[in-house]
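Step one of this worksheet: look at the structure below.
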Protein chains: 2
Amino acid sequence: MHNTDKLKQILHKKNLRYTQQRQEVWDEICSTNEHRDAEDIYNSLRKRQTNVSRATVYRTIDVLVKNNLVRRLDLGDGRSRFENKMGIAHHDHIVCLDCRKIVEFMNEEIEEIQEQVAKEMGFEIVRHVHQLFGHCLDEKCPNK
Amino acid sequence: MHNTDKLKQILHKKNLRYTQQRQEVWDEICSTNEHRDAEDIYNSLRKRQTNVSRATVYRTIDVLVKNNLVRRLDLGDGRSRFENKMGIAHHDHIVCLDCRKIVEFMNEEIEEIQEQVAKEMGFEIVRHVHQLFGHCLDEKCPNK
DNA sequence: ACTTCTTTGAGACTCAATCTCAATAGAGGG
DNA sequence: CCCTCTATTGAGATTGAGTCTCAAAGAAGT
């Protein structure tokens, strides 16, 4: 389904209005696979003459996150990052402490064990955070 | 080793000064195994007539975290929680979304797999965050 | 077009955490 | 015990991501 249609569909289902601003924010988020924060997204919009206010960027992102179109990433540095979730399989993240590169990983075994562990401890998991922080072995990375 | 001695030892090694305030903050953190934030710790100190300023509480916690006496926990709700790390084995956390109860877990298998995964992706892990969020099956928990 | 209700923008506000800087106080040496 | 050299402290200002307010603008159904 095209991005525009998907957005319209979801907004309609939730009795929310389809607006130019919401479309612009959604387009901007779909335009890359980087892990950007709200300020980055706001600035990218301004750079291409699309003036959506900061408040609206935040509000729209909230709508997209709540409706599962966008994923919020908290890497513990005090601001949320966002990634387009459309047709993207679940994954977790490895972050390089030197160059701040973010790489995605997914391991079915870990997913299963953590489910089992939670069950044993009397929990039903809704979501999880699994992040690895370390040093990448990339040549171009500083501290090499 | 007694708490006071441990603190003195570490401060000395780092050429930092042993002060009454640092001792008080460290004592307060050692006094329970709850996962409290800086404000909680600050308030507990005031409640027992120990006046350490908010800034000093934050600064002392930083010193303790950097020197591995205390662990910082970021559960994604906008404030850091802290736990005494002295003689405490590594563990991760499960959080109940209803009653905010925090339970600790540890699974050697997951630890090993994540190490392996990181290696395969060209990373050397320094630390990790692994948190499970869901609903506990406790009778006393709301939403039952 | 009319009406109703939602959304937007601009700036004020919140809140955890950090910074500033003058005053205070460890710690080692004499 | 005092001196000097620095580190530390307290009080309040500041930061910065994110949220709130409210009047004006704009969807969407009729």
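Note that the structure is predicted; figures quoted are calculated from it, not measured. Here is how names work: the chains are called A, B, and so on, in the same order as the sequence lines, proteins then strands, and each is numbered from 1.
- Between the base of C/dC15 and the side chain of B/Arg79 there is no donor-acceptor pair shorter than 3.5 Å.
- The CG atom of B/Leu7 sits 14 Å away from the C1' atom of C/dG26 (whole-angstrom rounding).
- When the shell of 6.0 Å around NE2 of B/His91 is examined, it contains more than 12 heavy atoms from other residues, nucleotides or ligands.
- Rounded to an integer number of Å, the gap from B/Asp40 CG to C/dA17 P is 11 Å.
- In this structure, B/Tyr58 does not reach the C/dT18 phosphate: none of its side-chain N or O atoms is under 4.0 Å from OP1 or OP2.
- The distance between atom NE2 of B/His12 and atom P of C/dA27, rounded to the nearest whole Å, is 9 Å.
- For the pair B/Asp62 and B/Tyr18, nearest-nucleotide mapping onto DNA chain C gives the more 5' position to B/Asp62.
- Residue pairs meeting the salt bridge (Lys or Arg N to Asp or Glu O under 4.0 Å) criterion with at least one partner in residues 14-36 of chain B, sequence neighbours excluded, are B/Glu24-B/Arg48, B/Glu28-B/Arg36, B/Glu28-B/Arg48.
- Each of A/Thr56, A/Asn51, A/Thr50 was compared with A/Gln21 under the side chain to side chain contact (heavy atoms under 4.5 Å, CB included) criterion, and only A/Thr56 meets it.
- Relative to the side chain of A/Arg22, the nucleotides C/dC19, C/dT8, C/dG9 differ in distance, and C/dT8 lies closest.
- Taking every nucleotide of DNA chain D with any atom under 4.0 Å from a non-hydrogen atom of chain A, the first and last of them, 5' to 3', are D/dA17 to D/dG29.
- Within the 4.0 Å cut-off from OP1 or OP2 of C/dG9, at least one side-chain nitrogen or oxygen of A/Gln21 is found.
- The shortest distance between side-chain heavy atoms of A/Gln23 and A/Lys8 does not fall below 4.5 Å.
- Within 4.0 Å of B/Asn51, counting heavy atoms only, lie sugar-phosphate atoms of the nucleic acid but no base atom.
- Using cut-offs of 30° and 60° for the angle between ring planes, the A/His130 and B/His130 rings count as parallel.
- The distance from atom CD1 of A/Ile61 to atom P of C/dT7 is 16 Å, rounded to the nearest whole Å.
- Listed by first then second residue, pairs satisfying salt bridge (Lys or Arg N to Asp or Glu O under 4.0 Å) with a partner in residues 63-76 of chain A read A/Asp62-A/Arg72, A/Arg71-A/Glu83, A/Arg71-A/Asp92, not counting sequence neighbours.
- For the pair B/Ser80 and C/dA16, the criterion of a side-chain N or O lying under 4.0 Å from OP1 or OP2 is not met.
- In this entry the distance linking CG of B/Leu11 with P of C/dG28 reads 13 Å, nearest Å.
- Comparing B/Phe82 and B/Arg17 along DNA chain C, the residue whose closest nucleotide (by nearest heavy atom) sits nearer the 5' end is B/Phe82.
- A distance of 11.0 Å separates CG in A/Leu45 from CG in A/Asp40, rounded to the nearest 0.5 Å.
- Between C/dG9 and A/Thr56, a contact under 4.0 Å exists linking OP1 or OP2 to a side-chain N or O.
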